[in-house]
Amino acid sequence: MRLDKKKIILGITGSIAAYKAVFLLRLLVKEGAEVQVVITQAGKEFITPVTLSALSGKPIISEFFGANDGVWNSHVDLGLWADLMLVAPATATTIGKMANGIADNMLVTTYLSAKCPVFVAPAMDLDMFAHPSTQNNLKILQEFGNIIIDPGEGQLASGLEGKGRMEEPENILEIVIDYFERKKKLLNKTFLVTAGPTFEKIDPVRFIGNYSSGKMGYSIAEELAAQGADVILVSGPVSVFTNKKGINVIRVESADEMFSECVKHFGECNGAVMCAAVADFTPVKAEFQKTKRGNKNWDLELQPTKDIAAALGKAKSDKQILVGFALETNDEIINAKKKLQKKKFDFIVLNSLNEFGAGFQVDTNKITIIDKNNNQQSFELKSKKEVAVDIVDKMISLLP
Ligand code: CTP
């Protein structure tokens with residue numbers, strides 16, 4: 001059985017495709033999964049709770065309060081219990097509620113409490129699916145790290161033909177199994193990831209920083225965790241966040257703090273990805289009090305920071321892999337190769353600020369990977385989440 005003892009929440013919403021959820025439930029259970037069905041009010045108009053509870057072997061959950069007085073269904077416990085949540089079929093309404101945190105039913109509150117990966121299989125009429133509102137909400141869910149199972153094209157319940165049919169249960173099952181199988185690749189492995197900028201204090205109200213958003217580093221941390229790894233994510237000040245299982249976020253501010261945390265944890269790791277845009281210089285001294293405006297120029301003396309990647313490169317054993325980044329504006333390949341050697345990286349991920357869609361603050365990236373054996377591979381422009389998959393796949397291929 002390929003889903004032995006896997007704990008899955010199956011969220012069912014009010015769509016004609018709810019009948020397909022019955023087949024899906026059966027397939028999941030046949031593969032050994034323990035499935036808890038959470039259904040919306042509208043979902044119950046399409047299939048009966050009795051069928052679902054008979055197939056899952058558990059009472060289904062729909063309301064905040066159970067049939068007996070004083071029983072409260074805890075969405076928090078449920079969200080923490082699951083290894084995976086699957087919303088199939090997902091209507092435009094539920095997708096909108098999930099994207100905007102409208103927690104007025106058990107399914108959405110469970111979703112908001114879930115720490116596991118969430119898969120969403122939309123089902124609706126073609127025009128509803130194509131509407132910018134639905135597309136926008138799906139994009140938001142993707143940005144949260146949820147996986148959208150694209151609907152197929154074909155005959156719809158409305159009689160129209162087009163894109164909006166929920167993916168077939170057999171295919172959804174394979175996607176779920178594939179997820180758990182991929183996950184096994186990095187089980188019992190720990191990786192250190194640095195992300196975001198560092199802030200170097202000038203005085204209590206000012207700092208030297210940079211434009212790094214942390215998106216690339218957080219996506220790599222989430223992809224490593226999705227493949228079963230434990231991740232120590234040493235993050236500079238960013239507005240992105242992650243609540244994925246297996247990721248321990250250590251927040252730091254300066255390059256020096258990031259250095260200390262990395263050196264402290266690297267020994268227990270199978271490898272590290274140095275994704276942070278670490279400041280190269282820091283003020284020689286930070287003022288205790290705010291420097292007042294004056295008419296004279298302010299000469300700020302800066303000193304170099306410690307090179308975290310180079311320190312880990314020195315400390316690294318044969319069993320550990322080290323991945324670096326290079327953001328270049330000129331002589332990209334030559335500069336990246338120099339850094340690869342100098343810092344003893346196993347491979348370096350090069351992004352050029354000259355490439356459209358690559359670099360700071362954007363959701364996409366266009367990378368070239370150069371490894372220590374001089375293999376060079378260029379990738380097309382992709383979302384940072386997809387780029388993270390390419391980077392983690394390369395890491396897996398190099399693991400001893
Ligand atoms: N890096 C680091 N610690 C630093 C500076 C850089 O760990 N103090 C890491 C980055 O996370 C990245 C790699 O080293 O993985 C290359 O960073 P980059 O800023 O491109 O290189 P530098 O060595 O700082 O060289 P320069 O800025 O002069 O190009």
Side-chain angles (χ1 to χ4, degrees), residues 191-201 207-221 224 231-238 240 250 252-267 269 271-284 302-316 320-355 358-361 365-372 384 387-388 390-392 394-395 398:
F191 290 93
L192 179 79
V193 178
T194 65
T198 62
F199 286 179
E200 308 302 320
K201 206 171 194 164
F207 59 83
I208 299 172
N210 61 65
Y211 293 119
S212 170
S213 63
K215 285 178 182 168
M216 194 64 249
Y218 274 63
S219 295
I220 291 171
L224 287 165
V231 181
I232 300 166
L233 175 59
V234 183
S235 171
V238 291
V240 284
I250 299 175
V252 295
E253 189 174 296
S254 65
D256 202 46
E257 286 166 14
M258 191 174 269
F259 178 88
S260 304
E261 290 298 336
C262 290
V263 168
K264 186 158 111 196
H265 292 285
F266 186 54
C269 295
V273 185
M274 314 310 291
C275 197
V278 186
D280 288 323
F281 296 95
T282 189
V284 170
L302 303 176
Q303 63 188 4
T305 55
K306 293 175 194 150
D307 189 330
I308 307 168
L312 301 193
K314 245 189 202 160
K316 153 174 118 85
Q320 290 174 306
I321 60 168
L322 190 61
V323 180
F325 271 73
L327 181 65
E328 304 291 341
T329 53
N330 56 292
D331 299 324
E332 291 95 335
I333 300 279
I334 297 170
N335 284 331
K337 282 186 178 170
K338 274 190 200 152
K339 280 177 195 167
L340 175 82
Q341 276 180 352
K342 196 173 133 210
K343 306 198 189 202
K344 298 205 173 70
F345 290 137
D346 290 272
F347 69 90
I348 193 158
V349 181
L350 164 68
N351 23 179
S352 162
L353 271 188
N354 297 325
E355 297 274 10
F360 291 143
Q361 299 292 337
N365 204 355
K366 188 168 185 321
I367 61 159
T368 300
I369 290 181
I370 308 168
D371 70 21
K372 60 180 179 192
K384 285 189 172 165
V387 170
D390 293 332
I391 293 169
V392 172
K394 177 77 180 176
M395 290 172 71
L398 293 180

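All figures in this text were calculated on a predicted structure; none of them were measured in a lab. Numbering of ligands and ligand atoms starts at 1, following listing order. No hydrogens, no waters, no symmetry mates; every other heavy atom, side chains included, goes into these values.
- The part of T305 lying near ligand 1 is the side chain, judged by heavy-atom distances below 4.0 Å.
- Between I250 and L233 there is no side-chain heavy-atom pair separated by less than 4.5 Å.
- Looking at I348 and L350, their side chains never come closer than 4.5 Å, going by heavy atoms from C-beta outward.
- Counting the atoms of ligand 1 from 1 in the order shown, those under 4.0 Å from a heavy atom of A276 are 10 (C), 11 (O).
- For the pair A255 and ligand 1, no heavy-atom separation below 4.0 Å is found.
- Nearest protein heavy-atom contact of atom 9 (C) of ligand 1 is A309 CB, 3.7 Å.
- Counting heavy atoms under 4.0 Å from ligand 1, residue D280 touches it through the side chain alone.
- A distance-only check finds no donor-acceptor pair linking the side chain of E253 to the backbone of K201 [under 3.5 Å].
- Looking from atom 15 (O) of ligand 1 to the surrounding protein, the closest heavy atom is M274 O, 2.7 Å.
- The protein atom (non-hydrogen) at minimum distance from atom 18 (P) of ligand 1 is K339 NZ, 3.6 Å.
- For atom 3 (N) of ligand 1, the closest heavy atom belonging to the protein is I308 N, 3.0 Å.
- Ligand-side atoms of ligand 1 in range of G324: 15 (O), range being under 4.0 angstrom from any heavy atom.
- Cation-pi geometry between K306 and F259 is met: the NZ or CZ atom falls under 6.0 Å from the ring centre, inside 45° of the normal.
- For atom 14 (O) of ligand 1, the closest non-hydrogen atom on the protein side is K343 NZ, 3.0 Å.
- Nearest protein heavy-atom neighbour of atom 4 (C) of ligand 1: V278 CB, 3.5 Å.
- The pair K339-E328 counts as a salt bridge, with a side-chain nitrogen and a carboxylate oxygen less than 4.0 angstrom apart.
- Heavy-atom separations between K306 and ligand 1 include at least one value shorter than 4.0 Å.
- For the residue pair S235 and Y218, a side-chain donor N or O sits within less than 3.5 Å of a side-chain acceptor on the partner.
- Checked by atom type and distance alone, the side chain of D346 pairs as donor or acceptor with a backbone atom of L322 at under 3.5 Å.
- Formation of a donor-acceptor pair under 3.5 Å by the D256 side chain with backbone atoms of T305 is not found in this model.
- Protein heavy atom in closest approach to atom 17 (O) of ligand 1: F325 O, 3.8 Å.
- For the pair I391 and V349, the minimum side-chain heavy-atom distance is below 4.5 Å.
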